[in-house]
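Only one structure is covered here, and it is reproduced in the block below.
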Amino acid sequence: MRPITIAPSILSADFADFGGECRALAAVGADWVHVDAMDGHFVPNLTFGPQTVKAIRPHVTGMLDVHMMIAAPDAFLAAFAEAGADGLTVHPEATADLDRTLGTIRSLGRRAGLALNPATPAEVAGRVLDRLDLVCVMTVNPGFGGQRFMTEMLAKIAQVRVMIGDRPIRLQVDGGITVDTASAAVAAGADVLVAGSAMFRGGQAAYAGNLAALRAAAA
Ligand code: DX5
Ligand code: ZN
C-alpha cells in the first residue's frame with residue numbers, strides 16, 4: 001500500500017500561538033503543515049498571507065503546503081514561495097490562465113497543486129496533469145474547518161487516482177477528514193489527508209493521540 005501523509009491544517013490551530021502549534025506538530029511527528037490562505041473573495045473567509053508563512057517557517061520541519069483560496073493567485077505566488085512555502089495549490093476557477101499559473105509555481109522551484117471544488121469535475125485536473133505535483137480533491141466547499149465530509153466525492157477521488165496512473169503526483173483530500181472518514185478516502189485512492197479539527201481537538205496534549213488515531217484509521 002502507498003504511504004499515507006497526514007497534513008494538519010493550522011486553520012484549526014490556536015491563532016495566538018502558531019509557532020508553538022507548529023513545534024507541537026513537529027514533536028508528535030506530523031508529516032506536513034497545511035496552510036489555508038483565504039482572501040475573502042474566492043471564499044467567504046479571510047486568513048493568512050505570506051507573512052504568516054514566513055513567521056512559521058522556522059518552526060515547521062516537514063513540507064509546508066500552502067492551499068491558496070485566493071482570486072487571481074499569480075500576484076502572490078512569488079511572495080509565498082519566498083516566504084518558505086514548499087508547495088502551492090491553486091483553484092482552477094481563481095485564475096484566468098491555469099497553465100501559466102502552474103508554470104509559474106514550478107519556475108519558482110515549488111511543487112504545483114490543483115484543488116478541485118466539489119462542483120469542479122476531475123477532468124479539469126486531467127488536462128494539466130503533466131504540470132502537477134499534487135491534486136487536491138475538496139470534500140467540503142472551501143472556506144471553513146469542521147464541515148461534514150461529502151461522501152459523494154469518493155468517486156471523484158477514485159477517478160483522479162486512475163488518471164494519475166504511475167505519475168509521481170500526490171492525491172490529497174481536504175475537508176471533513178476524521179477517524180470515521182479517513183479509511184474511505186484512502187480506499188478510494190488518497191495518499192495525503194488534510195486534517196484540521198480532527199488533529200487539533202483537545203489541545204496540544206491530545207495531538208499525539210489524534211495523529212495516531214488518524215494514522216490507524218488510514219492504514
Ligand atoms: C477548508 C480548508 C481545509 C480545512 C479542513 O476550506 O481547505 O483545509 O482546514 O478542516 P477540517 O479538517 O476541520 O474539515
Ligand atoms: Zn485546505
Side-chain angles (χ1 to χ4, degrees), residues 4-15 18 21-22 25 30-49 52-53 56 60 62-71 73 76 80 85-94 105 111-120 125 133-154 156-157 160 170-186 190-203 206-207 210-211 213-215 217-218:
I4 303 300
T5 295
I6 307 289
S9 163
I10 59 162
L11 187 61
S12 295
D14 175 0
F15 273 43
F18 286 130
E21 292 282 58
C22 290
L25 294 175
D31 303 307
W32 295 8
V33 170
H34 181 87
V35 177
D36 287 303
M38 304 185 185
D39 71 348
H41 296 278
F42 186 73
V43 289
N45 195 3
L46 191 60
T47 59
F48 321 115
T52 310
V53 170
I56 67 170
V60 174
M63 162 112 170
L64 205 159
D65 171 39
V66 176
H67 177 190
M68 296 177 69
M69 287 157 275
I70 296 178
F76 296 100
F80 276 112
D86 297 305
L88 296 170
T89 295
V90 297
H91 282 257
E93 301 84 0
I105 295 171
R111 295 172 58 80
L114 187 70
L116 303 174
N117 276 343
T120 303
D133 301 296
L134 177 145
V135 176
C136 173
V137 175
M138 296 299 305
T139 39
V140 299
N141 280 298
F144 302 94
Q147 302 183 77
R148 188 190 58 84
F149 181 90
M150 300 169 77
T151 51
E152 60 272 35
M153 293 298 123
L154 289 169
K156 192 198 285 185
I157 298 168
V160 173
R170 305 300 302 269
L171 204 179
Q172 183 176 64
V173 170
D174 188 4
I177 291 291
T178 66
V179 292
D180 298 317
T181 59
S183 65
V186 170
D191 62 4
V192 182
L193 302 178
V194 175
S197 37
M199 182 65 211
F200 287 92
R201 70 163 48 93
Y207 295 173
N210 292 346
L211 182 64
L214 285 166
R215 286 201 202 282

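We count ligands from 1, going down the list as the structure has it; atoms in each ligand are counted the same way.
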Would F144 count as a contact of ligand 1 if the rule is a heavy atom under 4.0 Å away?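 It does; at least one heavy atom falls under 4.0 Å.
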Which of the ligand 1 atoms, numbered from 1, are nearer than 4.0 Å to a heavy atom of [X]:
X    : answer
H34  : 8 (O)
S197 : 11 (P), 12 (O), 13 (O)
H67  : 7 (O)
V194 : 8 (O)
M38  : 6 (O)
M69  : 6 (O), 7 (O)

Filtering T139, D65, D174, V173 for the heavy atom nearest atom 5 (C) of ligand 1 leaves D174
For atom 2 (C) of ligand 1, which candidate among D36, V140, V35 holds the nearest heavy atom? D36
Is the Zn ion (ligand 2) less than 2.8 Å from at least one N/O/S atom of C136?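 False for C136.
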Only pairs at least two apart or in different chains count here, so list each side-chain hydrogen bond (donor to acceptor under 3.5 Å, both in side chains) that has a residue in residues 38-47. none
Side chain, backbone, both or neither: M199 near ligand 1, heavy atoms under 4.0 Å: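 No part of M199 comes within reach of ligand 1.
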